[in-house]
K.L.:
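Please see the structure below; I have some questions.
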2 protein chains.
Amino acid sequence: MSMDFEKEEVSATSNQLDEETLFVVSQTFKALSDPTRIRILNLLCSGEYSVNDLAEKLNLGQSTVSHQLRFLKQLRLVKYRRAGTTLYYSEDDDHVMNLLKQAIEHAIHH
Amino acid sequence: MSMDFEKEEVSATSNQLDEETLFVVSQTFKALSDPTRIRILNLLCSGEYSVNDLAEKLNLGQSTVSHQLRFLKQLRLVKYRRAGTTLYYSEDDDHVMNLLKQAIEHAIHH
DNA sequence: TCAATATATGAACATATGCTCATATATTGA
DNA sequence: TCAATATATGAGCATATGTTCATATATTGA
């Protein structure tokens with residue numbers, strides 16, 4: 001068995017990010033880099049919304065919203081609960097939502 | 001003259017982000033959504049580097065690094081200082097670098 | 001079971017993105 | 001001024017991305 005280094009120590013030593021960290025970080029920011037997704041996530045900050053609710057409030061096509069929700073769902077940034085034929089989506093990642101809030105706050109106050 | 005609302009109050013009322021905020025936020029995250037740019041910014045966390053330094057340390061083409069630095073420069077995320085023919089690049093936006101550090105920390109510890 | 005409603009999906013399209021190659025530009029020292 | 005070195009730039013290319021359209025799927029109430 002080789003020495004058991006923490007990722008933290010490795011990066012502190014080499015100053016380089018490992019492949020997996022790089023992938024996770026870039027994916028996270030990619031999720032937040034599109035205006036449509038930002039608007040969806042921003043609305044979900046204030047509670048649950050169905051697909052049609054989101055589409056109406058944001059003036060987007062139902063298909064567009066559904067596609068983006070699938071994207072966000074795959075990254076586990078949102079989750080949903082079913083009520084009949086309606087799916088209520090809500091946020092599912094405090095850390096990422098926090099990054100978004102910070103960026104919005106910063107943008108607004110500058 | 002119309003009433004002078006703060007952006008903050010508007011968004012608190014309508015729960016919607018204005019066009020400009022949306023643009024700034026998406027641009028910011030777009031800058032952080034590419035592995036190459038993440039690696040460059042992560043290195044710049046530890047000090048100044050010339051274009052060639054960055055290319056060598058990160059195993060990237062000189063042109064690739066230069067193009068990405070131009071991108072980051074336009075968003076004012078990096079700046080440079082000249083020393084002869086060499087340009088030393090360094091970080092220029094504490095807030096955005098902070099977002100990056102948070103995401104990296106979170107990715108590493110999960 | 002069937003119609004109505006809500007959502008998901010896939011193909012097609014236009015646009016955006018990132019890299020590479022070749023070359024241009026700029027600064028320095030001789 | 002000229003060669004050497006460092007960096008910037010633009011075109012071209014392959015791939016990724018986001019939206020739309022049409023249609024599929026799923027759930028419910030009658």
Side-chain angles (χ1 to χ4, degrees), chain A residues 17 19 22-44 47-90 92, chain B residues 17 19 22-44 47-90 92:
Chain A
L17 301 171
E19 199 62 46
L22 209 53
F23 179 75
V24 171
V25 172
S26 62
Q27 282 295 109
T28 299
F29 285 127
K30 193 158 296 184
L32 300 173
S33 71
D34 175 67
T36 298
R37 286 192 290 272
I38 292 173
R39 294 173 72 208
I40 290 173
L41 290 173
N42 181 61
L43 246 196
L44 294 183
E48 285 185 331
Y49 290 87
S50 72
V51 178
N52 279 336
D53 286 345
L54 291 167
E56 282 175 32
K57 291 235 183 197
L58 300 176
N59 236 297
L60 296 168
Q62 175 268 324
S63 180
T64 297
V65 174
S66 182
H67 277 299
Q68 296 296 7
L69 285 173
R70 178 169 61 170
F71 181 102
L72 296 171
K73 181 98 186 15
Q74 280 198 304
L75 291 181
R76 300 181 188 282
L77 301 191
V78 303
K79 61 182 190 295
Y80 64 79
R81 130 185 113 74
R82 178 182 284 281
T85 60
T86 303
L87 304 185
Y88 289 98
Y89 280 83
S90 56
D92 197 29
Chain B
L17 300 171
E19 200 61 46
L22 209 52
F23 179 75
V24 171
V25 172
S26 62
Q27 282 296 108
T28 300
F29 285 126
K30 194 157 294 182
L32 301 174
S33 70
D34 176 68
T36 299
R37 287 192 291 272
I38 292 174
R39 294 173 72 207
I40 290 174
L41 291 172
N42 180 62
L43 246 195
L44 293 182
E48 284 185 332
Y49 290 87
S50 72
V51 178
N52 279 336
D53 286 345
L54 290 168
E56 283 176 32
K57 291 235 183 197
L58 300 177
N59 237 296
L60 297 168
Q62 176 269 323
S63 182
T64 296
V65 174
S66 181
H67 278 297
Q68 295 295 7
L69 285 173
R70 177 169 59 170
F71 180 102
L72 296 171
K73 181 99 188 10
Q74 278 197 305
L75 291 181
R76 299 182 190 281
L77 301 191
V78 303
K79 62 182 191 293
Y80 64 80
R81 128 184 114 76
R82 178 181 285 280
T85 61
T86 303
L87 304 185
Y88 289 98
Y89 280 83
S90 56
D92 198 29

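The structure displayed is predicted, hence computed values, not measured ones. Note on naming: letters A, B, ... go to the chains in the order of the sequence lines (proteins, then strands), and numbering restarts at 1 for each one.
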K.L.:
Report the distance from atom CD1 of B/Ile40 to atom C1' of D/dT7, rounded to the nearest whole Å.
P.N.:
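So the CD1-C1' distance, B/Ile40 to D/dT7, works out to 14 Å.
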K.L.:
Name the nucleic acid region contacted by B/Tyr88, choosing base, sugar-phosphate or nothing; use a 4.0 angstrom heavy-atom cut-off, strictly under.
P.N.:
nothing
K.L.:
Rounded to the nearest Å, what distance is computed from the CD atom of residue A/Gln68 to the C1' atom of nucleotide C/dA8?
P.N.:
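Those two atoms, CD and C1', are 14 Å apart.
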K.L.:
In this structure, how many angstroms lie between the P atom of D/dT7 and the CD atom of B/Glu48, rounded?
P.N.:
12 Å
K.L.:
Indicate yes or no: at least one non-hydrogen side-chain atom of B/His67 is less than 4.5 angstrom from one of B/Phe71.
P.N.:
no
K.L.:
In whole Å, I'd like the distance from the CG atom of A/Asn59 to the P atom of D/dT19.
P.N.:
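Value for this atom pair: 13 Å.
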K.L.:
Could you tell me the separation between the CD atom of B/Gln74 and the P atom of C/dG18, rounded to a whole number of Å?
P.N.:
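That distance rounds to 13 Å.
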K.L.:
Do A/Ser33 and B/Ser26 come within less than 4.5 Å of each other through their side chains, counting heavy atoms only?
P.N.:
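A side-chain contact under 4.5 Å is absent here.
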K.L.:
Is A/Thr86 touching bases, backbone alone, or none of the nucleic acid, heavy atoms closer than 4.0 Å?
P.N.:
sugar-phosphate
K.L.:
Heavy atoms only, 4.0 Å cut-off, all strands: where does A/Tyr89 land among base, sugar-phosphate and nothing?
P.N.:
sugar-phosphate
K.L.:
Is a side-chain donor or acceptor of B/Arg81 paired with a backbone partner of B/Tyr88 at a separation under 3.5 angstrom?
P.N.:
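No.
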K.L.:
Just by modelled atom types, is the B/Gln62 backbone N or O under 3.5 Å from a matching donor or acceptor in the B/Ser66 side chain?
P.N.:
no
K.L.:
So if I take every side-chain heavy atom of A/Leu87 and compare against D/dT7, C/dA8, C/dA6, which nucleotide ends up nearest?
P.N.:
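Output: C/dA8.
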K.L.:
Looking at A/Tyr80, I'd like to know if its OH atom is crowded, meaning that more than 12 non-hydrogen atoms belonging to other residues, nucleotides or ligands lie closer than 6.0 Å.
P.N.:
no
K.L.:
With the criterion being N/O to N/O and under 3.5 Å, what pairs connect the protein with nucleotides 21-30 of chain D, and how long is each?
P.N.:
{"residue": "D/dC21", "atom": "N4", "partner": "A/Ser63", "partner atom": "OG", "Å": "2.6"}

K.L.:
Rounded to whole angstrom units, what separation is found between the CZ atom of B/Arg70 and the P atom of C/dT17?
P.N.:
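Going from B/Arg70 (CZ) to C/dT17 (P), I get 13 Å.
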K.L.:
Do any N or O atoms from the side chain of A/Arg70 and from the backbone of A/Leu72 form a donor-acceptor pair under 3.5 angstrom?
P.N.:
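No, the answer is negative, given that no donor and acceptor are paired below the 3.5 Å cut-off.
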K.L.:
CD1 of A/Ile38 versus P of D/dG18: gap in Å, rounded?
P.N.:
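The answer, rounded to whole Å, is 11 Å.
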K.L.:
Please check if the side chain of B/Arg39 supplies one atom and the backbone of B/Leu58 the other of a donor-acceptor pair under 3.5 Å.
P.N.:
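Side chain of B/Arg39 to backbone of B/Leu58, a donor-acceptor pair under 3.5 Å: yes, one is there.
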K.L.:
When you measure from the side chain of B/Arg37 to the backbone N and O of B/Lys30, does any donor-acceptor pair fall under 3.5 Å?
P.N.:
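Yes: the side chain of B/Arg37 pairs with the backbone of B/Lys30.
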K.L.:
Please list each protein N or O that sits under 3.5 Å from an N or O in nucleotides 14-17 of chain D, with the distance.
P.N.:
{"residue": "D/dT17", "atom": "OP1", "partner": "A/Lys30", "partner atom": "NZ", "Å": "3.4"}

K.L.:
Heavy atoms only: give me the nearest B/Ser50-B/Thr86 pair and the separation to one decimal.
P.N.:
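Smallest interatomic distance, heavy atoms only, reads CB-CG2, 3.5 Å.
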K.L.:
Indicate yes or no: at least one non-hydrogen side-chain atom of A/Tyr89 is less than 4.5 angstrom from one of A/Glu48.
P.N.:
no
K.L.:
What's the angle between the local helix axes at either end of the helix from C/dT1-D/dA30 to C/dA30-D/dT1, using five pairs per end and rounding to 10 degrees?
P.N.:
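Result, rounded to 10 degrees: 20°.
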K.L.:
For the backbone of B/Leu60 and the side chain of B/Thr64, can you confirm whether one donor and one acceptor N or O come within less than 3.5 Å of each other?
P.N.:
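A pair under 3.5 Å: no.
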K.L.:
Starting at atom CG of B/Leu54, determine the distance to atom P of D/dA6, rounded to an integer number of angstrom.
P.N.:
14 Å
